[in-house]
Colleague: 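Mind looking over this structure? Questions follow.
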Amino acid sequence: MTVDRSDIETGIVGLGNIGQYHAERLVDLGVTLAGGMDVAAEARTRFARRYDVDVYDDHRELYDTVDAVIITTPNKYHEEYAVDAFERDLDVLLEKPLGHSIESAVRIAEAAAASDGYAMVGFNNRFANTVRIVKNRIDQGNLGDVSHIEANYVRRRGIPGRGSWFTRQYIAGGGALIDLGVHAIDLALYLLGYPEVTEVNGVARSEFGSREEYAYLDMWAEDAGPEGFDVDDSASAFIRCAGNRTISLEVAWATNRPATHEFVARGTDAAARFDLLEGDLSIYSASKVGPDHLEDTTIETRQNDTHTDEQRAFFDRILGTRDGGSTVEEALAVQRVIDAIYRSSEEGGTIEIEE
């Protein structure tokens, strides 16, 4: 009988940086890290040495030994590893996005629906303390009717590494939109209560990564030059939802403007503005109590490790001690929006969303 986190034998598929990032938090939470899998021998060796666990080059061997799995591979391989895990009724925490394409995402969602395993997708930003405060205020009605979200996830120069899998269309499925936009779209829909998306109009651009003279200060991987870049580096979109709820979206790996991670939830009684990375949070309202006046309230809270809290929610859900966590159905809704933005950009017009 599973009674605490240490009873949940957990494996990690994909032993690169994000896999090790998850492993550190598993250990801190007292979860039993049972093993790992990667196709790269160097990654397996490094992981085994660091965590003293068994490692495999075949995920099926790992799956024979675990109760739950965290999948952190490049996007193209999500389907293979997730579907096999669901068919074994394992509990799965799958890093975002759901898949590298809408077709792959649908197949993953179908497998999850048919499985007895619990499924959660890695939208860790939902667990930021500032986001929790805003979501609580929305749910309590403090902001009134929230009808619009301004969602910005913009880097001035932040292409992960030209030539890495992040900048390869056939592996990643896209660029800044599928990497950063997936977080921004999920967060915006989450704050709105995940209404049905009805139509999307957007443009995805590739303006910087394809340049020989791309200037930057930092890059997270070696720069292979423009020939290693065939995805978008920014996107702008307008998303219409049921009930005339709307989202304006700006995402970028590279653009000539100051970086911003500002989100604004606009309601009829108040608005909340927060910085997703810095944690700044302010509430804006107006009042006729006394002379007419505008009120700006600053809220301070601790910044938290969102991946740790995400993992805590995942394992507590497995143990049956809490509800919540991002669902595969919500992740599929996000994937449909991403797909619609890309199609809108290609076709030059509005795309209606059909389930």
Side-chain angles (χ1 to χ4, degrees), residues 1-16 18-39 43-44 47-48 51 53-100 104-124 127 307-332 335:
M1 178 180 178
T2 302
V3 294
D4 61 38
R5 297 182 196 129
S6 65
D7 292 324
I8 306 172
E9 300 276 336
T10 302
I12 295 180
V13 176
L15 306 180
I18 188 63
Q20 293 186 65
Y21 194 79
H22 275 286
E24 291 294 325
R25 281 143 188 81
L26 285 178
V27 173
D28 290 344
L29 285 173
V31 177
T32 299
L33 177 59
M37 176 270 164
D38 202 290
V39 295
R44 294 195 303 272
F47 197 82
Y51 299 104
V53 295
D54 293 330
V55 291
Y56 307 88
D57 61 4
D58 187 329
H59 68 280
R60 290 164 294 192
E61 294 182 32
L62 173 66
Y63 288 2
D64 287 338
T65 70
V66 298
D67 307 304
V69 63
I70 300 176
I71 299 172
T72 69
T73 64
N75 304 343
K76 179 179 174 63
Y77 309 108
H78 283 190
E79 181 182 345
E80 175 186 2
Y81 298 127
V83 169
D84 281 1
F86 289 133
E87 289 178 347
R88 292 171 180 251
D89 292 328
L90 297 177
D91 298 308
V92 177
L93 173 54
L94 176 64
E95 267 296 351
K96 61 79 186 172
L98 189 55
H100 72 296
S104 182
V106 167
R107 289 190 290 268
I108 294 170
E110 290 173 345
S115 177
D116 289 332
Y118 170 61
M120 183 172 167
V121 180
F123 293 126
N124 62 290
F127 296 92
H307 281 95
T308 296
D309 285 348
E310 173 189 64
Q311 282 193 13
R312 183 180 289 110
F314 174 65
F315 290 107
D316 287 353
R317 177 63 177 78
I318 293 172
L319 293 170
T321 58
R322 68 180 289 171
D323 296 323
S326 53
T327 68
V328 170
E329 291 80 8
E330 290 168 344
L332 181 57
Q335 195 93 35

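Each residue takes its place number in the sequence, starting with 1. Everything numeric in this text was worked out from a predicted model, so none of it was measured.
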Colleague: Check salt bridge (charged side-chain N to carboxylate O under 4.0 Å, His left out) between Glu80 and all other residues, then give those that pass, not counting sequence neighbours.
Modeller: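 Not a single residue meets the salt bridge (charged side-chain N to carboxylate O under 4.0 Å, His left out) criterion with Glu80.
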Colleague: Less than 3.5 Å apart, which donor and acceptor atoms pair up between the side chains of residues 28-38 and the rest of the protein, not counting sequence neighbours?
Modeller:
residue	atom	partner	partner atom	Å
Thr32	OG1	Ser6	O	2.6
Asp38	OD1	Ala40	N	2.8
Asp38	OD2	Leu15	N	2.7

Colleague: Apply salt bridge (charged side-chain N to carboxylate O under 4.0 Å, His left out) to Glu310 and list each qualifying residue two or more places apart in sequence or on a separate chain.
Modeller: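 Result, salt bridge (charged side-chain N to carboxylate O under 4.0 Å, His left out) vs Glu310: none returned.
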Colleague: Taking the side chain as C-beta and beyond, is there a heavy-atom pair between Ile108 and Leu94 under 4.5 Å?
Modeller: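 Side-chain contact under 4.5 Å: yes.
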Colleague: Roughly how far apart are Asn75 CG and Lys96 NZ, rounded to 0.5 Å?
Modeller: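 Rounded to the nearest 0.5 Å, the CG-NZ separation comes to 7.0 Å.
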Colleague: First locate atom CG of Asp67, then atom CZ of Phe315, and finally report the distance between them rounded to the nearest 0.5 Å.
Modeller: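 It is 10.0 Å, given to the nearest 0.5 Å.
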Colleague: Tell me, please, which residues at least two apart from Phe47 pass ring-ring contact (aromatic ring centres under 6.0 Å, His included).
Modeller: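 Per chain and number, Phe47 pairs via ring-ring contact (aromatic ring centres under 6.0 Å, His included) with Tyr51.
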Colleague: Kindly write out the residues that satisfy side chain to side chain contact (heavy atoms under 4.5 Å, CB included) with Asp316, not counting sequence neighbours, or none if the list is empty.
Modeller: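 Partners of Asp316 under the side chain to side chain contact (heavy atoms under 4.5 Å, CB included) test: Arg5, Arg312, Leu319, Thr321, Arg322.
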Colleague: Could you tell me whether the side chain of Thr73 and the main chain of Gly14 form a donor-acceptor pair under 3.5 Å?
Modeller: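 Looks like no, no N/O pair under 3.5 Å.
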Colleague: Has Asp84 got a side-chain atom pairing as donor or acceptor with Tyr81's backbone, closer than 3.5 angstrom?
Modeller: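 No; judged by distance alone, with no hydrogens or angles, the pair does not exist.
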Colleague: Given side chains that start at C-beta, do those of Val66 and Thr10 come closer than 4.5 Å, heavy atoms only?
Modeller: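 The answer is no, as the side chains (C-beta and beyond) never meet within the 4.5 Å cut-off.
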Colleague: Is there side-chain contact between Tyr56 and Thr65, with heavy atoms separated by less than 4.5 Å?
Modeller: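 With C-beta onward as the side chain, the pair touches.
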Colleague: Taking the side chain as every heavy atom from C-beta outward, state whether Arg88 and Asp64 have any atom pair closer than 4.5 Å.
Modeller: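 Counting from C-beta outward, Arg88 and Asp64 do come under 4.5 Å.
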Colleague: State the CD-OH distance between Gln311 and Tyr21, to the nearest 0.5 angstrom.
Modeller: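 The OH atom of Tyr21 is 10.0 Å from CD of Gln311, to the nearest 0.5 Å.
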Colleague: Centre-to-centre under 6.0 Å for His100 and His78, is that the case here?
Modeller: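 No - the distance between ring centres of His100 and His78 does not fall below the 6.0 Å cut-off.
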Colleague: Run the ring-ring contact (aromatic ring centres under 6.0 Å, His included) test against Tyr63 and tell me which residues pass, sequence neighbours left out.
Modeller: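 If we apply the ring-ring contact (aromatic ring centres under 6.0 Å, His included) test to Tyr63, skipping adjacent residues, the hits are His59.
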Colleague: Quick one: CG on Asn124 to OG1 on Thr308, what's the gap to the nearest 0.5 Å?
Modeller: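 That separation rounds to 10.0 Å.
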Colleague: Would you say that Ile70 contacts Leu26 through its side chain, given a criterion of any heavy-atom pair below 4.5 Å between the two side chains?
Modeller: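 Yes; the side chains approach each other to less than 4.5 Å.
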Colleague: Roughly how far, to the nearest 0.5 Å, is CG of Asp54 from CZ of Arg44?
Modeller: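 Atom-to-atom, Arg44:CZ and Asp54:CG are 12.5 Å apart.
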Colleague: Just by distance, do the side chain of Asp89 and the backbone of Asp116 share a donor-acceptor pair under 3.5 Å?
Modeller: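 Present.
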